[in-house]
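Computed from a predicted structure; not experimentally measured.
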Amino acid sequence: HKRPCRRREQAAAMATLPTAEELAAAKLKKAETVDKSGPAIDSDVKVGAYKGKELMAEISQGVPLKNQKISTDDRSSPMIDSSLVLKASPRGAVNLEAMIAVKKRSDLNHVETNDKSAPFIEKDVTVGTFKGKELMAEVAKGKSLNHVETDDKSAPAVESDVKIKPNPRVALLNDVCKKQAPTGEGKIESATGLDVNGDGKVGGAAA
């Protein structure tokens, strides 16, 4: 509700800001700065060149290792008693034999199936082709319609002796803006086209 008053306050604040010419003519004071963006390196530290090719050649040549003749005790294999004898699993052979036996069997009963997966369509139903172009051409030609008398009752039911008065809300806001505005003046235009200012003019003029 206080949007017109806020706009006046914003305009007054913008008027106090310096212009571009004033900013360009302004002189800045000299300031001493201490730049600490560089890395902290001691004065006695020397950075040499990176010799990548020489380093890779030295790595490829290799270096003789010390104590090459060292006995190791590998314990990664599972601990199995020496007296334990593992037998081969007969599962693979049994499954293979069972599959061969099932394949060779011929004593299975014959089964009659009733497939009902197809859509159910009556016998006397015939499916024709869709004639889209002919249908659209027939629609475009149109057809003469019969005249129909209608009784429109969509309008609101308002008695003939009822008088609608203007909304006093706009006048109330104008009164609030007059009290808050620095100059003591201010009006809000009516969006309804009614005489909200009381001066006999429709629409009201904003000062």
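Applying the side chain to side chain donor-acceptor pair (under 3.5 Å) test to every pair with at least one member in residues 116-139, sequence neighbours left out, gives these pairs: Asp115-Ser117. Residue pairs meeting the side chain to side chain donor-acceptor pair (under 3.5 Å) criterion with at least one member in residues 33-43, sequence neighbours excluded, are Asp35-Ser37.
To the nearest 0.5 Å, the span separating NZ on Lys143 from NZ on Lys141 amounts to 13.0 Å.
The side-chain heavy atoms of His147 and Glu149, taken from C-beta on, include a pair separated by under 4.5 Å.
Taking a 6.0 Å sphere around CD1 of Ile59, one finds it holds more than 12 heavy atoms contributed by other residues, nucleotides or ligands. Dense packing is recorded around CG of Asp44, with more than 12 heavy atoms of other residues, nucleotides or ligands lying under 6.0 Å away.
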